Protein chains: 2
Amino acid sequence: MSDKPVTIHDIAEMANASAATVSRVLSNSSYPVSHDMRRKIRAAAKALNYTPNMLGRQLKKNNSMTIGVIIPSITNPFYADVVLGIEEIARKHGYHVLLCNSHQNPQLEAEYLQTLLEKQVKGIIVSSISRQKDLLQPYLAKGVKIIAMDQIIDNPDVYQIGFDYRKGAYMACRYLIGQGHTRIALVTAPLNRPSRISLLNGYQDAHREAGITPLKAWFQESEDSEDISYGSAFEFTNGKLLTRKLLHMAERPTAILACNDLTAAGVINELGEYGIEVPGQISVIGFDNIELSQMLTPALTTVDLPKYEMGRFACSTLMDLLEGNEIRAKEVVLEPELIVRKSAAKLE
Amino acid sequence: MSDKPVTIHDIAEMANASAATVSRVLSNSSYPVSHDMRRKIRAAAKALNYTPNMLGRQLKKNNSMTIGVIIPSITNPFYADVVLGIEEIARKHGYHVLLCNSHQNPQLEAEYLQTLLEKQVKGIIVSSISRQKDLLQPYLAKGVKIIAMDQIIDNPDVYQIGFDYRKGAYMACRYLIGQGHTRIALVTAPLNRPSRISLLNGYQDAHREAGITPLKAWFQESEDSEDISYGSAFEFTNGKLLTRKLLHMAERPTAILACNDLTAAGVINELGEYGIEVPGQISVIGFDNIELSQMLTPALTTVDLPKYEMGRFACSTLMDLLEGNEIRAKEVVLEPELIVRKSAAKLE
DNA sequence: CTGAAAGCGCTAACAA
DNA sequence: TTGTTAGCGCTTTCAG
């Protein structure tokens, strides 16, 4: 099989043209080429079963038409949604996406960043977990455009797009309080990200506003662990573990807010194992509104975050940046929305 | 910011060396270079904050060190797992993965195939949904190595790796029959893929062997639809719809086997809405063993398919192929395993 | 051990 | 309208 691959020179020869002319027609340049020549070249290309070598073009044009996307894990449906949005926009602009799973590993994240640069990527969308502030500086210095998604990065040259986690948690708690709940627990993964801290703030704000002081013990944070890498089962298990702690307390809460739907699934599951009815005895609210949430029994009341839209928005902004268009805003915050389903109810 | 990017020539100048020598040390060639020269070049590279341009190297070496992966949708956790496995192996070999979501769209699949080739990818792992048999032929002719995953492709030049769906369904039915069930329904997405047909065969084989003839109406296949693209909600809804049909029949089944866990989730959900207890009144068994299955209530009894392993295996084989190693087998079938949880029980 | 030179496949001045 | 030429950044003979 594979002989020497066909190049524009082969086509040139066959069509009695020069490589330049071939390039002009095959790359759809606006450069004038006679109709006849065009035809001959197209025919030759087809006859030889020609496939353009983008490496050549890209090297010449210094543009790989590829963007990099770094996320913690594609196994998390939250990110799968985001990536879908990114990809859609990228495709529309003729860009490809190099997807990198950092597996919550800062080392890996740094490595990927480097490789992306070597691959001549001109733009990167990243949901970073690195706490290292200046990790991105060398890349920015080289002119790479960077969009931070979901996780804010403290750097004036980085475009930011995220959700209002505070407001989401605030809305959820307000809702519960409105339903008569005064004993609301917060079950969350470690507060090692700004988003999680905002979430806690929303929880506190809603309580303060209502003049309620929740027990310290109702705030349950799972232990910080490095290798969360593999799958959503980790979050689920967290939800179970923390719920168990809650149930072993003298003063049980009547409602539980979880930092995400996966965790909420664990909460509900554990409550089930203790024979506690949801929402009859304890109400549960999740966060994210991934598709899982409607599949649970009872269907999960949760805070929707427009994940797909965030992906689209992040990528649109990046495209604007790369194409030299005007940018709307350097910092964008997307609004959450409370999705009322069946897992939270009025306190009797 | 971004001036002219730094090249090996800049380094050569600074280190009083030639570009050739710089290349040799920076690409870790085994070519002999004096220790002193090495040091100087390394120092210069660091001083100039040099980043190699892989496009140059790859064009020269005619090897993009990238493989392509085409799957229906990353939003389906089944594929997310597979991709994780692929990526792990690719990384180990210094390869990158260009991930493409075909969205069940044969047109898109064909486009991606083309782009991958243009990007000089030398190997592709594909879970194809195209029914067009000779789609891959031109690519194979150009020497691209292709691995078909999960969905068998009828082409002797394509390496195949898949699951024994027949056996999985057979095991599930055997189990149910062993539990006293004789009225087992099969709820499935359209039989437009070989895997689904195998699944039906397994279902039939188990029945035949037990001397049971299931009602025709217990086989419920959802309607063929083109744009399933977005998310797992589609499968879930399918499960609900088909279950509803089942429940409106005079002769209800006592057990339901679903073609995948997402569908099974829909089945359980719909049964719940009808006030039917699982597994008390109707048993349910899923397929795939995605993480969702342990989060459902009741925890789903299901047929595990080693997804992650399939990804690893597919990629290992591809790496062997690309590195010119001996290949173990052209066709590999991975074994399913029944995971007994709580959603199927003895018929009282 | 080091360097000069050619060239991977393509595009873009510049000439004709 | 077409062709010639000179690279994009890198590797790799082939000479020294």
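Proteins come first, then strands; the chains are lettered A, B, ... in the order of their sequence lines, and each starts at number 1. Hydrogens, waters and symmetry mates are skipped; everything else that's a heavy atom, side chains included, is used. Worth saying up front: this structure is predicted, and the values here are computed from it rather than measured.
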Answer with base, sugar-phosphate or nothing: what part of the nucleic acid does [X] contact at a heavy-atom distance below 4.0 Å?
{"X": "A:Asn62", "result": "nothing"}
{"X": "A:Asn16", "result": "sugar-phosphate"}
{"X": "B:Ser29", "result": "nothing"}
{"X": "B:Met54", "result": "nothing"}
{"X": "B:Ser34", "result": "sugar-phosphate"}

Is it the case that the base of D:dT13 and the side chain of B:Tyr31 share a donor-acceptor contact (distance under 3.5 Å, atom types as modelled)?
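It does not, because no donor-acceptor pair links the side chain of B:Tyr31 to the base of D:dT13 below 3.5 Å.
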In this structure, how many angstroms lie between the [atom2] atom of [N] and the [atom1] atom of [X], rounded?
{"X": "B:Gln120", "N": "D:dC10", "atom1": "CD", "atom2": "C1'", "result": "16 Å"}
{"X": "B:Asn63", "N": "C:dG9", "atom1": "CG", "atom2": "P", "result": "13 Å"}
{"X": "A:Leu59", "N": "D:dG9", "atom1": "CG", "atom2": "P", "result": "7 Å"}
{"X": "B:His35", "N": "C:dT2", "atom1": "NE2", "atom2": "C1'", "result": "17 Å"}
{"X": "A:His9", "N": "C:dC10", "atom1": "NE2", "atom2": "P", "result": "8 Å"}
{"X": "B:Ile8", "N": "C:dG3", "atom1": "CD1", "atom2": "P", "result": "12 Å"}
{"X": "B:Arg24", "N": "D:dC14", "atom1": "CZ", "atom2": "P", "result": "14 Å"}
{"X": "B:Lys60", "N": "C:dA5", "atom1": "NZ", "atom2": "P", "result": "15 Å"}

So, the side chain of B:Ser29 versus the backbone of B:Ser27: is there a donor-acceptor pair under 3.5 Å, distance only?
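No, because the side chain of B:Ser29 does not come within donor-acceptor range (under 3.5 Å) of the backbone of B:Ser27.
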Does B:His103 offer a backbone N or O that forms a donor-acceptor pair with the side chain of B:Asn101 under 3.5 Å?
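Not at all, since once roles are kept as given, no pair shorter than 3.5 Å links the two residues.
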Is A:Arg312 salt-bridged to A:Glu87, going by a charged N under 4.0 Å from an acidic O?
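Judged by the 4.0 Å cut-off on N to carboxylate O distance, A:Arg312 and A:Glu87 do not form a salt bridge.
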Whichever of B:Ser27 and A:Ala19 has its nearest DNA chain D nucleotide further upstream toward 5':
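Nearest nucleotide further toward 5': that of A:Ala19.
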First encountered from the 5' end of DNA chain C, between B:Lys61 and B:Ala17
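Going by which nucleotide is closer to the 5' end, it is B:Ala17.
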Does OP1 or OP2 of [N] have a side-chain N or O of [X] closer than 4.0 Å?
{"X": "A:Arg57", "N": "C:dG9", "result": "no"}
{"X": "B:Ser18", "N": "C:dG3", "result": "yes"}
{"X": "B:Thr21", "N": "C:dG3", "result": "yes"}
{"X": "B:Ser23", "N": "D:dT11", "result": "yes"}

Using only heavy-atom distances, determine whether the side chains of B:Lys122 and B:Thr66 contain a donor-acceptor pair under 3.5 Å.
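Judged by distance alone, the side chains do not pair up.
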Can a cation-pi geometry be assigned to A:Arg42 and A:Tyr50, taking NZ or CZ under 6.0 Å from the six-membered ring centre and within 45° of the ring axis?
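Because its charged atom misses either the 6.0 Å distance or the 45° angle limit, A:Arg42 does not stack over A:Tyr50.
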